[in-house]
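Within every chain, numbering begins at 1; the chains are lettered A, B, ... in the order of the sequence lines, protein sequences first and strands thereafter. Note that this is a predicted model, so its numbers are computed, not measured.
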Amino acid sequence: KQEVTQIPAALSVPEGENLVLNCSFTDSAIYNLQWFRQDPGKGLTSLLLIQSSQREQTSGRLNASLDKSSGRSTLYIAASQPGDSATYLCAVIQGAQKLVFGQGTRLTINP
Amino acid sequence: DAGITQSPRYKITETGRQVTLMCHQTWSHSYMFWYRQDLGHGLRLIYYSAAADITDKGEVPDGYVVSRSKTENFPLTLESATRSQTSVYFCAGNPSGGPEGQYFGPGTRLTVT
C-alpha cells in the first residue's frame with residue numbers, strides 16, 4: 001500500500017527566506033506527482049504536476065523536483081511572502097488517476 | 001476555476017438520515033473522484049468514476065454510494081449517516097484521465113449530530 005509522508009508537519013519562517021518542503025513515498029510505481037496548496041477552510045489549488053518521466057517543474061517562485069528511484073519530491077519556494085502561508089499537500093498519482101495524499105505541511109511566513 | 005461545483009457547501013444532518021452531496025462539472029472531466037478530509041487522516045479517496053456508468057471503490061467506501069448516470073454529475077450518498085462521517089468532502093475531476101492532474105471543487109462541510 002502506497003504511503004506518502006510530508007516533513008515537517010509545520011514550518012514557520014521569516015518573510016524573504018527560501019524554503020524546501022519534503023515529500024516521500026514508499027512505492028516508486030507512480031504515474032505523476034502533484035503539489036497542492038490549501039488555504040484554511042478552502043479547497044485545494046493545484047500548484048505543480050511532475051510527470052514520472054520528468055525530474056522537475058517550475059512555476060514562478062515555485063520549483064518541484066521528483067526522484068522516483070529514491071521515492072522523494074521537494075517543493076522549493078523562493079523569496080517567501082506572507083501570502084504563501086497555507087498548507088501544502090503532495091499527492092502521488094497511481095492507476096486510474098487515483099491520488100494518494102500526504103498529511104501536508106502547514107507553512108507560516110512571518111512578516 | 002476548475003469547473004467543479006459542489007452543493008450544499010454546509011450541511012448538518014442527524015444520525016441515521018440519508019444525505020446526498022452533489023458534484024457538478026462543466027469541463028467534461030472524464031474521471032471524477034470523491035475524497036474526505038479529516039484531521040489526522042488527511043485526504044482519503046472514497047469512490048471514483050472513469051466515465052458515465054463506471055464507478056469503483058477507493059480506500060474508504062463503506063457507508064457511501066455513488067452514481068454517474070450523466071458525465072457531468074457525480075453525487076455521493078450517505079445511506080444512513082453516522083457521526084464518523086462528519087468530515088469535509090471534496091469532489092475532484094481529471095479532464096482526460098491524462099497527465100493534467102486533478103482539479104478540486106470547493107468542498108462540502110458535513111456535520112452529523
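- Between Phe90(B) and Gln38(A), the closest side-chain pair of non-hydrogen atoms falls below 4.5 Å.
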- Begin with the C-alpha distance, continue with both residues' side-chain angles, and end with the deciding distance and a verdict on side-chain contact (heavy atoms from CB on, under 4.5 Å) for Tyr35(B) and Leu99(A). CA-CA 10 Å; Tyr35(B) 296 88; Leu99(A) 294 180; 3.3 Å; yes
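- Leu47(A) and Leu21(A) fall within the same hydrophobic cluster, defined by Ile, Leu, Val, Met, Phe, Trp and Tyr side-chain heavy atoms under 4.5 Å apart, directly or through other members.
- Within a 6.0 Å sphere centred on CZ of Arg72(A), heavy atoms belonging to other residues, nucleotides or ligands number 12 at most.
- Counting heavy-atom neighbours within 6.0 Å of Ile54(B) CD1, excluding the residue itself, gives a total above 12.
- If you chain together hydrophobic residues whose side chains sit under 4.5 Å apart, Phe101(A) and Leu33(A) never meet in one group.
- Linking Ile, Leu, Val, Met, Phe, Trp and Tyr whenever their side-chain heavy atoms come within less than 4.5 Å leaves Val66(B) and Val88(B) in two separate clusters.
- Contact check for Leu44(A) versus Tyr103(B): no side-chain heavy atoms found under the 4.5 Å cut-off.
- Residue Val19(B) is grouped with residue Val60(B) when hydrophobic side chains (ILVMFWY) are merged at heavy-atom distances under 4.5 angstrom, including chains of intermediate members.
- Going from atom CZ of Phe36(A) over to atom CZ of Phe104(B) covers 4.5 Å, rounded to the nearest 0.5 Å.
- Residues Arg109(B) and Gly41(A) share a closest heavy-atom pair of NH2-CA, 4.5 Å.
- Heavy atoms of Gln6(B) lying under 4.5 Å from chain A are absent altogether.
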Please list every donor-acceptor pair under 3.5 Å in which a side-chain atom of residues 80-95 of chain A meets a protein atom from a residue at least two apart or in another chain.
unit_1: Ser80(A); atom_1: OG; unit_2: Gly16(A); atom_2: N; d: 3.4
unit_1: Ser80(A); atom_1: OG; unit_2: Glu17(A); atom_2: N; d: 3.3
unit_1: Ser80(A); atom_1: OG; unit_2: Glu17(A); atom_2: O; d: 2.8
unit_1: Asp84(A); atom_1: OD1; unit_2: Arg61(A); atom_2: NH2; d: 2.8
unit_1: Asp84(A); atom_1: OD2; unit_2: Arg61(A); atom_2: NH1; d: 3.0
unit_1: Asp84(A); atom_1: OD2; unit_2: Arg61(A); atom_2: NH2; d: 3.2
unit_1: Asp84(A); atom_1: OD2; unit_2: Gln81(A); atom_2: N; d: 2.9
unit_1: Ser85(A); atom_1: OG; unit_2: Pro82(A); atom_2: O; d: 3.0
unit_1: Ser85(A); atom_1: OG; unit_2: Ile109(A); atom_2: N; d: 2.9
unit_1: Tyr88(A); atom_1: OH; unit_2: Asp84(A); atom_2: O; d: 2.6

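- Looking at Leu43(B), the atoms closer than 4.5 Å to chain A (heavy atoms on both sides) sit in the backbone and in the side chain alike.
- Between Lys1(A) and Glu59(B) a salt bridge is recorded (basic side-chain N to carboxylate O distance below 4.0 Å).
- Between Lys98(A) atom NZ and Phe33(B) atom CZ the span is 9.0 Å, to the nearest 0.5 Å.
- What you find for Gly40(B) and Gln103(A) is that their closest heavy atoms are O-NE2, 3.1 Å.
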